[in-house]
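Read through the structure below, which is laid out as C-alpha cells, and then see the notes.
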Amino acid sequence: MNLLIKSALVLYPESAFYKKTVDVLVADGIIKQIAETITDDSAEVIDVNGAVIAPGFFDLNCKIGEPGLETKEDIGTGTAAAAAGGFTALALMPATQPPVHSKTEVEYLINRAKGNLVDIYPLGTISHKREGKDLAEMYDMYRSGAKAFTDATRPVQDAGLMERAMLYAHGFGAKVFSYPEDAAIAGKAKVNEGHISTLLGMKGIPPLAEELMIARDIYLAEYTDSGIHFSTISAGSSVKLIREAKAKGLNVTCDVAAHHLVLTDEVLLGFDSLYKVKPPLRTQKDVDALLEGLADGTIDAIVSQHTPHEIEFKDVEFEIAEFGIIGLQTALPLAVKAGLTAEAIVDKLAINPRKVLSVELPAFAEGEAANFVIFDTEAEWEYTRDNNYSKSANSPFIGQTLKGKVLLTCNNKQLFKSK
C-alpha cells in the first residue's frame, strides 16, 4: 500500500497538525510524511478535499454472532461492515452461543480476528452463561485479552453478584459494563411506556426501570471504590443521575446508541419491527436530554449497538420480533443527523471509547502506524442492500439517503475505500 492523501483536515487532538489541512503519505501501513504539500509519483493519489482525518472509530457495543450464531454475523462480515462505517476497533458483546464466559472463547475470537483491518476486543461475561447466578472466569478471561465484563443485554439483577464483580474486576484493573434495566420493572414489555404505548395497545418499559438500575450501580461503585460503565442509556432521568455521580467524582462513564439520538417512539406507530430496539426508543424529551448529556460531557461515547438478525427474526409481527438493528455503517450519519460537529464525533466515536477501555489512542506522526478514518460530514450516500456489508439487513435506514460518509478506513496495513 503506497497512498498519498491530499487535503485532509487533521482532527487528532494530540497531533502537532491539529485542525490543519495537510497531505499524508502512507507506505506499507506507516505514515511516512505529513506536510502542507507532498508529491510522490509512485503513490496512488486520493484528494479528499478537506474531509476529516481522525483516529479510526472504536465501537464499545457490537454484537457479532461468532461463535455459534454465524448465520447472523461472522467475524468477516462484521469487520467488513465496521471498516465501511469507519471503525478500526470493536468491543464485542459476549451474547454468543456459547457466551464468551471463559478464556477459550476470548482466545478464539482474538485468533480469528488476526490479520484483519479491524482490531477485536472481546468482552467477557460477568456471570457464567450470562445466567446472573455465579461469577464467570473473569481473571482468566482478562489475562487472555478481555478488557471488560458485561452480560450484554441481560441485566445483573443480583446486587450482591454485581458488587462482587466490581470488586473483583477492580482488583486487576478491568472495567464492568452495566446494562441498566430492572427486569422486574421492565417485564416482557416491548416499547417505551407512555402515550405511544397506549396508542399501540402494548405494555411499556418505563424509564424507571433504567433509572433504578443506574442508581443501584452508582451506589455500588461508590461503596466498592471502583468504576462502572453504563451501556446504551436512553432516558433523560439516567443522564441526570450520571451527571450527579460524575460531579461527586465517582468513576462513572456511559454511552448511548446512535439511533437513540435521532429516533423517538413515534416511529413505532406503523408497527415496523425494524425500529424495535432495546432499550426502547423513548420521547423527544429524552432525546433532547441525551444530546445535552453529550454536549456537556456526561455521556462519554456513542455506540452502534450493532445487533444483526436473520430475516425470520425481524420480518414478523412486532410483538414477537427480536430487538435490535445493525448499526456499524450508520453510526456516523446518525451522529451527523443529531447535529454533532466533526470534533464532537471524533471525541465520542474515537477518543473517549478508547479511554473507557484504557486503549492507547493511535498517534498521527511520521513513523507511526496508520490507523485512521477519513470522513465527510457533508457528503451524501444511499444506503442499499448492495453496499450493506453486514450479513444481516435489519436496518430501517436501508433505502435512505444519508448525510455523513466514510471515505477511507486504514489500519493494520489494510485500506477500505468507499465506492
Side-chain angles (χ1 to χ4, degrees), residues 1-58 79-89 117-118 328-337 340-351 361-384 386-389 401-419:
M1 178 176 63
N2 195 11
L3 181 68
L4 176 57
I5 300 163
K6 306 286 289 185
S7 302
L9 175 64
V10 179
L11 287 186
Y12 281 74
E14 298 179 3
S15 170
F17 299 94
Y18 185 61
K19 289 191 176 181
K20 295 181 180 179
T21 300
V22 299
D23 292 353
V24 184
L25 180 64
V26 179
D28 297 322
I30 303 296
I31 299 173
K32 293 296 186 181
Q33 187 180 0
I34 306 170
E36 285 190 14
T37 304
I38 301 174
T39 301
D40 188 327
D41 295 335
S42 66
E44 177 187 359
V45 178
I46 300 179
D47 192 337
V48 297
N49 296 309
V52 170
I53 185 169
F57 298 152
F58 191 119
T79 54
F87 292 93
T88 59
L117 186 155
V118 180
L328 287 168
Q329 290 180 245
T330 55
L332 171 64
L334 294 184
V336 171
K337 187 174 183 178
L340 273 69
T341 64
E343 290 88 344
I345 288 169
V346 172
D347 191 48
K348 305 301 183 181
L349 279 174
I351 298 170
L361 185 71
F364 185 70
E366 293 177 0
E368 296 286 346
N371 182 332
F372 61 74
V373 58
I374 297 179
F375 64 92
D376 186 344
T377 57
E378 297 298 320
E380 294 186 348
W381 60 288
E382 186 179 0
Y383 187 25
T384 67
D386 289 336
N387 60 20
N388 171 39
Y389 287 82
T401 297
L402 305 175
K403 186 178 180 182
K405 184 177 182 179
V406 171
L407 306 180
L408 295 171
T409 310
C410 182
N411 187 35
N412 295 333
K413 300 183 179 182
Q414 297 175 61
L415 183 71
F416 168 86
K417 292 191 290 184
S418 66
K419 297 177 181 177

Quick one: does L415's side chain get under 4.5 Å of L408's, heavy atoms only? yes
Taking W381 for the side chain and T401 for the main chain, is one N or O donor matched with an acceptor at less than 3.5 Å? no
So with a 6.0 Å cut-off around CD of E368, is the heavy-atom count from everything else above 12? yes
Residues two or more places apart in sequence or in another chain: which of them pass side-chain hydrogen bond (donor to acceptor under 3.5 Å, both in side chains) with T384? N387
Quick check: does any side chain N or O of E343 sit under 3.5 Å from a backbone N or O of L11, one acting as donor and the other as acceptor? no
Main-chain N/O of L117 paired to N411 side chain as donor or acceptor, under 3.5 Å: yes
Between T88 and V373, does a side-chain contact (heavy atoms from CB on, under 4.5 Å) hold up when you go through it step by step? CA-CA 8 Å; T88 59; V373 58; 5.8 Å; no
First locate atom CD1 of I31, then atom CZ of F372, and finally report the distance between them rounded to the nearest 0.5 Å. 7.0 Å
What distance do D28 atom CG and L3 atom CG have between them, rounded to the nearest 0.5 Å? 12.0 Å
With F87, which residues qualify under ring-ring contact (aromatic ring centres under 6.0 Å, His included), at least two apart? F57
Holding to side-chain hydrogen bond (donor to acceptor under 3.5 Å, both in side chains), I want the full list of residues that pass it with N412, two or more places apart in sequence or in another chain. D119
Do you know the tightest heavy-atom contact between I34 and A365? CD1-CA, 3.9 Å
Nearest heavy-atom contact between P333 and L402 is CB-CB, 3.8 Å
Got a sec, which residues hit side chain to side chain contact (heavy atoms under 4.5 Å, CB included) with A344, two or more places apart in sequence or on another chain? L340, T341
Do any side-chain atoms of residues 17-27 form donor-acceptor pairs under 3.5 angstrom with protein atoms, and if so which ones, sequence neighbours left out?
| from | atom 1 | to | atom 2 | distance (Å) |
| --- | --- | --- | --- | --- |
| D23 | OD1 | S7 | N | 3.0 |
| D23 | OD2 | K6 | NZ | 2.6 |
| D23 | OD2 | I38 | N | 3.0 |

Between A84 and V406, which heavy-atom pair has the shortest distance, and what is it? O-CB, 3.5 Å
Using side-chain heavy atoms (C-beta onward) and a distance below 4.5 Å, is I345 in contact with V336? yes
Not counting sequence neighbours, list each pair that qualifies as a salt bridge (charged side-chain N to carboxylate O under 4.0 Å, His left out) and has a residue in residues 372-384. E378-K403
Where A82 and V118 come nearest, the two heavy atoms and their spacing: CB-CG2, 4.1 Å
Apply side chain to side chain contact (heavy atoms under 4.5 Å, CB included) to P55 and list each qualifying residue two or more places apart in sequence or on a separate chain. Y12, V346, A350, R354, L361, P362
Mind jotting down which residue pairs meet the salt bridge (charged side-chain N to carboxylate O under 4.0 Å, His left out) criterion with at least one end in residues 30-39? Sequence neighbours excluded, please. none
Going by the rule side chain to side chain contact (heavy atoms under 4.5 Å, CB included), which residues pair with S418 if we only count those two or more places apart in sequence or in a different chain? K405, L407, F416
Can you name the residues that form a salt bridge (charged side-chain N to carboxylate O under 4.0 Å, His left out) with E44, not counting sequence neighbours? K417
State, with a plain yes or no, whether a side-chain heavy atom of T377 is found less than 4.5 Å away from one of V52. no
What residues form a side-chain hydrogen bond (donor to acceptor under 3.5 Å, both in side chains) with S42, not counting sequence neighbours? N2, D40
By side chain to side chain contact (heavy atoms under 4.5 Å, CB included), which residues pair with A81, not counting sequence neighbours? L328, Q329, Y389, S390
